[in-house]
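Have a look at the structure below, then the notes.
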There are 2 protein chains.
Amino acid sequence: MGEVGRRPLSRRRILEAAVELVDREGLRGLSMRRLGRELGVEAMSLYNHVPNKEALLGGMVEVLIEGVEIPGESSAGWEEQVRGAFRSYLNIARAHPEVFQLFATRPLGTGEALRIFEVLRGAGLDVVPALHAFRALSSYTIGYALAEIRGFPLELEGGPRALELAPPLKEVDRDAKFDYGLDLIISGLRQKLDRQGAKGDSQRRSKRGPDHR
Amino acid sequence: MGEVGRRPLSRRRILEAAVELVDREGLRGLSMRRLGRELGVEAMSLYNHVPNKEALLGGMVEVLIEGVEIPGESSAGWEEQVRGAFRSYLNIARAHPEVFQLFATRPLGTGEALRIFEVLRGAGLDVVPALHAFRALSSYTIGYALAEIRGFPLELEGGPRALELAPPLKEVDRDAKFDYGLDLIISGLRQKLDRQGAKGDSQRRSKRGPDHR
DNA sequence: GCTCTTAACTTACACCGTATATTTACAACG
DNA sequence: CGTTGTAAATATACGGTGTAAGTTAAGAGC
């Protein structure tokens, strides 16, 4: 009766199947019964690995967040690290637009947040400014991703200009839109940094020191 | 059987009751039956004024958006107009945090978008830069509002510092957090503006001209 | 009076999340 | 080998959901 080659259920397998299902059929298509069927199992079996649907949704967010890549210290400067991290974030959103909507109501992973925070600290920002910067960058990125997913208002989608451009060019254009705001924030941060660096150097912290904590 | 002083049902009345219900009991507490009961009516009666629940949610967003106030041209400069508009946006989110979560998946009202867009145009921005600016500002604001509602990561909420501050001071602090990123973007925009203004003045457009379109 | 229109109510259906109880599958041990 | 303990699957059931379809009631215009 049971299929032979069926891998056993596991939290991980459930989460991945859920992400795939939502990618395919949207958030509204996700139900415990439907997901169970997808895995060849009754709905209630899922509860052996996940306490309830809310936790399932949270786990799906986790899975996506794991995919965010933050460039290492070997990269050019902190600007490039930050840019890379948030671009990666946006790309996750683009790869899983339906799942990403869950990010609107669920907090970022503390782990990723900490890593980015450390980059900002490493750039010479004091704790409070680094928090401010983190808030600004992550707010912008999540807001942008959500807006892109649902479509920006005022954007004349069917305009003649759009039709002339080849798909690859449109991709570039799409990235440029995001970078516009991202660079506005990053270069604003750099200015603050330079200004305070020139003023007093009140915190002893070299521009790339291996200082932790 | 029917109560005497009962006003007749209407789309508007339904939407306002829905907002109030969600404010009170959260998004999960909103169902057609529950909302009907709130209005002293059966669930199916609502369908005479609203095609389905999705449209109901959309209508609730509309109601909130109507509350956004954009300072008129009489205000100081375009910076203050923009700042005021997006602060107003954030305040709506704070007044109706549960309902605001719907903004994550539903587009801004085209009307409000247009008015803000015109402010940016009036500031001397060409069409494309104004679109970029609008995207950056609205993405940041919505992202920030959502993040504030769910709580920022890394924020040591129970820290000793927080406890020492009086509630009014915390309010100020809360606004300062939002303004930090908002000002980063606005001052970045101003720089771009000044730079291009000094460079070629390629578009004949005085800094405060009554130019429309 | 009568009809026409509108908006209310009633019923019914398929589906939802999940509490609870039961059965199955398998590993460890004698 | 059989036994037993345990984890994970299934089965059933309950109260809720959105809404399609059918019915009733109240008022407007003739």
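Quick note: numbers below take in every heavy atom, side chains included, and nothing from hydrogens, waters or symmetry partners. In what follows, chains carry the letters A, B, and so on, assigned in the order in which the sequence lines appear, proteins first and then strands, with residues in each chain numbered from 1.
One atom, CG of A/L56, and another, C1' of C/dT18, lie 13 Å apart when rounded to the nearest Å. Rounded to an integer number of Å, the gap from CG of B/L39 to P of C/dA8 is 10 Å. When the C1' atom of D/dT12 is taken as reference, atom OH of A/Y47 falls 15 Å away, rounded to whole Å. Straight-line distance from the NZ atom of B/K53 to the P atom of D/dG16: 15 Å, rounded to whole Å. Atom P of nucleotide D/dA9 and atom CE of A/M32 are separated by 13 Å, given to the nearest angstrom. Regarding B/R28, its CZ atom lies at a distance of 11 Å from the C1' atom of C/dC16, rounded to whole Å. Computed from coordinates, the A/L46 CG to C/dG17 P distance equals 10 Å when rounded to whole Å. Residue A/I14 contributes atom CD1, which lies 10 Å from atom P of D/dA8 at whole-angstrom precision.
Side-chain proximity of A/R33 to D/dT10, D/dA8, C/dG17: nearest is C/dG17. With C/dT18, D/dG18, D/dA11 as the candidates, the nucleotide lying closest to the side chain of A/E42 is D/dA11. For B/V41, whose side chain is taken as the heavy atoms from C-beta onward, the closest listed nucleotide among D/dT12, C/dG17, C/dA8 is C/dA8. Side chain of B/H49, nearest nucleotide from D/dA9, D/dA20, C/dA7: C/dA7.
Ion pairing between a basic and an acidic side chain is recognised when a charged N comes within 4.0 Å of a carboxylate O; A/E62 and A/R11 show such pairing. Checked for salt-bridge contact, B/D179 and B/R87 meet the test: a charged N lies under 4.0 Å from a carboxylate O.
A distance below 6.0 Å separates the ring centres of B/Y140 and B/F178.
With hydrogens and angles ignored, the 3.5 Å screen pairs no side-chain donor or acceptor of A/D126 with any backbone N or O of A/P129.
Between A/S45 and D/dA8 there is no side-chain polar atom (N or O) within less than 4.0 angstrom of OP1 or OP2.
If you check distances only, the side chain of A/N48 does reach the base of D/dA9 with a donor-acceptor pair under 3.5 Å.
Note: A/F100 and A/Y89 have perpendicular aromatic rings, judged against thresholds of 30 and 60 degrees for the angle between ring planes.
Ranked by how close their nearest DNA chain C nucleotide is to the 5' end, A/P51 and B/M44 are led by B/M44.
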